[in-house]
Enquirer: 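This is the structure I have questions about; it appears just below.
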Amino acid sequence: MVQTEALLSIRDLSIQYVTRDMGCCRAVNNLSLDLQKGETLGLVGETGAGKTTIARGIMGIVPNPPGRITQGSIFFKGEDLLRKKKKEMRKIRGDKISMIFQDPMTALNPVDTVGEQIEEVLKLHQPGAGKEEIRQKAVQMLETVGIPGERIDEYPHQFSGGMKQRIVIAIALACSPELLIADEPTTALDVTIQAQILELMNKLKGEMNTSMLLITHDLGVVAEMCNRVAIIYAGEVVEIGTARDIFKNRSHPYTQGLFNSLPSVTGEKTKLKPIPGAMPDPSNLPAGCPFAPRCGYACEKCMAEHPELLPVEGEHYVRCWRAAEEEQHGIAAG
């Protein structure tokens with residue numbers, strides 16, 4: 001069912017990668033998500049959970065072959081992006097929906113100046129603008145992200161890692177998109193620069209009234225940036241709720257495991273409790289709950305039956321048989 005009030009509404013999305021060596025890898029499985037206008041939704045999970053594939057699906061850049069979207073819909077402002085032609089999607093990408101990629105080193109073209117790369121987006125989506133107007137806009141975008149406008153004719157290699165990420169943000173926001181997808185935008189940066197980039201993104205998001213889908217595995221970033229959080233495991237949502245729900249009332253054993261893996265900065269010193277095992281093979285997912293082989297609470301039902309995403313309270317939902325039974329009996333999850 002389409003949520004018309006949502007800016008972005010994903011329903012039953014499945015994405016697979018088919019290769020000769022690995023067979024069929026089910027990267028995203030029957031995933032449904034909503035993103036409201038002006039909201040920041042965090043996608044959190046281990047490497048290999050399917051977060052970037054979800055983003056690529058929204059942008060229409062799943063590499064084909066080997067990737068293919070096998071089912072589902074992605075409604076943006078009421079229109080299904082999966083029914084758009086390639087030419088129509090090229091007009092949407094960079095204009096209405098933009099993406100900040102994980103590694104600025106590979107996102108920037110080393111043979112073009114940073115000014116040319118910002119101007120390229122503006123020329124594509126604002127064809128009526130004059131050459132001087134476009135250049136002035138590019139200078140303005142550089143200065144907006146804290147880089148002096150006189151550096152517009154310099155090349156990517158002349159900038160530090162933090163500045164490269166600022167340039168990538170300038171390119172993504174050049175046309176004031178309604179939806180910004182940020183794929184681990186601070187992973188390659190040191191802590192001080194991370195804080196600066198996050199503060200910049202929050203500031204620009206507010207000024208441009210942009211909605212954001214933030215992909216990360218850093219729970220500190222989630223606490224700083226997100227209104228709601230979706231925990232992703234084996235290509236599906238296992239828990240979703242407000243940031244307060246996830247931080248204060250987490251219900252899924254996987255979510256609890258993620259938090260237990262974090263070192264405490266206060267209180268007594270204790271050993272970390274890493275989640276045992278590894279992510280399941282996407283070409284051979286378990287029949288029941290995909291987290292069951294790593295879960296200390298798993299029972300026969302977990303091994304045999306795939307759980308539905310069930311309500312806990314308000315906007316809080318969890319995909320776990322144990323959590324659902326505890327909720328029914330009024331017992332707080334441990």
Side-chain angles (χ1 to χ4, degrees), residues 38-42 55 59 93-126 129-227:
E39 178 183 49
T40 298
L41 173 64
M59 293 291 289
R93 280 195 299 266
D95 185 19
K96 302 299 182 183
I97 305 176
S98 286
M99 185 167 175
I100 300 172
F101 292 92
Q102 184 171 352
D103 184 5
M105 297 290 290
T106 56
L108 295 171
N109 188 335
V111 301
D112 288 338
T113 66
V114 296
E116 288 171 338
Q117 295 182 60
I118 299 173
E119 290 170 7
E120 183 181 6
V121 180
L122 295 168
K123 289 175 184 175
L124 180 63
H125 297 294
Q126 298 178 9
K131 186 175 180 180
E132 187 57 35
E133 182 184 350
I134 287 176
R135 184 172 176 84
Q136 289 177 0
K137 176 67 174 177
V139 169
Q140 179 188 338
M141 286 308 304
L142 276 181
E143 293 176 344
T144 298
V145 297
I147 296 175
E150 56 265 24
R151 299 193 67 179
I152 190 169
D153 293 319
E154 294 183 17
Y155 292 85
H157 74 270
Q158 295 174 274
F159 295 86
S160 67
M163 283 189 168
K164 286 190 182 76
Q165 192 62 286
R166 288 171 182 266
I167 293 164
V168 171
I169 293 172
I171 294 171
L173 295 178
C175 295
S176 302
E178 295 178 64
L179 172 60
L180 177 65
I181 301 173
D183 186 4
E184 302 194 17
T186 61
T187 297
L189 307 176
D190 64 60
V191 176
T192 305
I193 303 301
Q194 278 189 25
Q196 294 175 4
I197 294 296
L198 293 177
E199 184 180 356
L200 173 66
M201 289 173 63
N202 251 341
K203 175 176 175 287
L204 295 178
K205 173 182 173 290
E207 290 177 353
M208 298 183 178
N209 194 27
T210 299
S211 302
M212 187 188 302
L213 190 66
L214 177 62
I215 298 170
T216 183
H217 55 254
D218 189 330
L219 293 167
V221 171
V222 171
E224 179 76 20
M225 299 285 289
C226 299
N227 306 113

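Heads up: numbering here begins at 1 and tracks the sequence.
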Enquirer: Roughly how far, to the nearest 0.5 Å, is the CD atom of Gln140 from the CD atom of Glu133?
Expert: 10.5 Å
Enquirer: Indicate whether any N or O donor in one side chain lies under 3.5 Å from an N or O acceptor in the other, for Arg166 and Gln196.
Expert: yes
Enquirer: Hey, are the side chains of Asn209 and Ser176 touching, using non-hydrogen atoms and a 4.5 Å cut-off?
Expert: no
Enquirer: Where the side chain of Gln194 meets the backbone of Thr186, is there a donor-acceptor pair that is under 3.5 Å apart?
Expert: yes
Enquirer: Can you tell if the side chain of Ile100 reaches within under 4.5 Å of the side chain of Gln165, non-hydrogen atoms only?
Expert: yes
Enquirer: Using every non-hydrogen atom in the two residues, find where Asp183 and Ile215 come nearest and quote the distance to one decimal.
Expert: OD1-CG2, 3.5 Å
Enquirer: Testing the basics here: between Ile197 and Gly162, what is the closest heavy-atom pair and its distance to 0.1 Å?
Expert: CD1-O, 3.9 Å
Enquirer: Is the shortest distance from a Lys or Arg side-chain nitrogen in Lys164 or Asp103 to a carboxylate oxygen in the other one below 4.0 Å?
Expert: no
Enquirer: Determine whether a donor-acceptor pair (N or O, by modelled atom type, separation under 3.5 Å) exists between the side chain of His157 and the backbone of Val111.
Expert: no
Enquirer: OG1/Thr216 to CG/Asp218 distance, rounded to the nearest 0.5 angstrom?
Expert: 5.0 Å
Enquirer: Check Ile181 against Ala55 and note the closest heavy-atom contact, atom names and distance.
Expert: CG2-CB, 3.7 Å
Enquirer: Just verifying a value: how many Å separate Gln136 CD and Lys131 NZ, rounded to the nearest 0.5 Å?
Expert: 13.0 Å
Enquirer: For Phe159, is there any backbone N or O sitting under 3.5 Å from a side-chain donor or acceptor partner on Glu154?
Expert: no
Enquirer: Within this structure, what is the CE-CD1 distance for the pair Met141 and Ile169, rounded to the nearest 0.5 Å?
Expert: 9.5 Å
Enquirer: Does the side chain of Thr210 come within less than 4.5 Å of Leu204's, by heavy atoms?
Expert: no
Enquirer: Side chains of Asp95 and Leu124: does their closest heavy-atom pair fall under 4.5 Å?
Expert: no
Enquirer: Measure the spacing between CE of Met59 and OG of Ser98 and express it to the nearest 0.5 Å.
Expert: 6.0 Å
Enquirer: Report, as yes or no, whether the 6.0 Å neighbourhood of atom CD on Glu143 holds more than 12 heavy atoms from other residues, nucleotides or ligands.
Expert: yes
Enquirer: Locate the shortest heavy-atom distance separating Leu122 from Ala138; write the atom from each residue and the value.
Expert: CD1-N, 4.0 Å
Enquirer: Report the C-alpha distance between Ile147 and Met163 in whole Å, list the side-chain angles of each, state the deciding distance to 0.1 Å, and finish with yes or no for side-chain contact (heavy atoms from CB on, under 4.5 Å).
Expert: CA-CA 7 Å; Ile147 296 175; Met163 283 189 168; 4.3 Å; yes
Enquirer: Looking only at non-hydrogen atoms, find the nearest pair between Lys205 and Thr40 and report the distance.
Expert: CE-OG1, 2.6 Å
Enquirer: Starting at CD of Gln102, measure out to CD of Glu184 and round the result to the nearest 0.5 Å.
Expert: 4.0 Å
Enquirer: Please name the pair of heavy atoms, one in Gly94 and one in Val121, separated by the smallest distance, quoted to 0.1 Å.
Expert: O-CG1, 3.9 Å
Enquirer: Tell me, yes or no, whether the heavy-atom count around Gln158 atom CD, taken from other residues, nucleotides or ligands under 6.0 Å, exceeds 12.
Expert: yes
Enquirer: Just wondering, do Met225 and Leu198 contact through their side chains at under 4.5 Å, heavy atoms?
Expert: yes
Enquirer: Answer yes or no: is there a side-chain heavy-atom contact under 4.5 Å between Pro104 and Ile167?
Expert: no
Enquirer: Taking side chain as C-beta onward, heavy atoms only, is Glu120 less than 4.5 Å from Ile171?
Expert: no
Enquirer: Evaluate the side-chain proximity of Asn109 to Gln117: yes if any heavy-atom separation is below 4.5 Å, no if none is.
Expert: yes
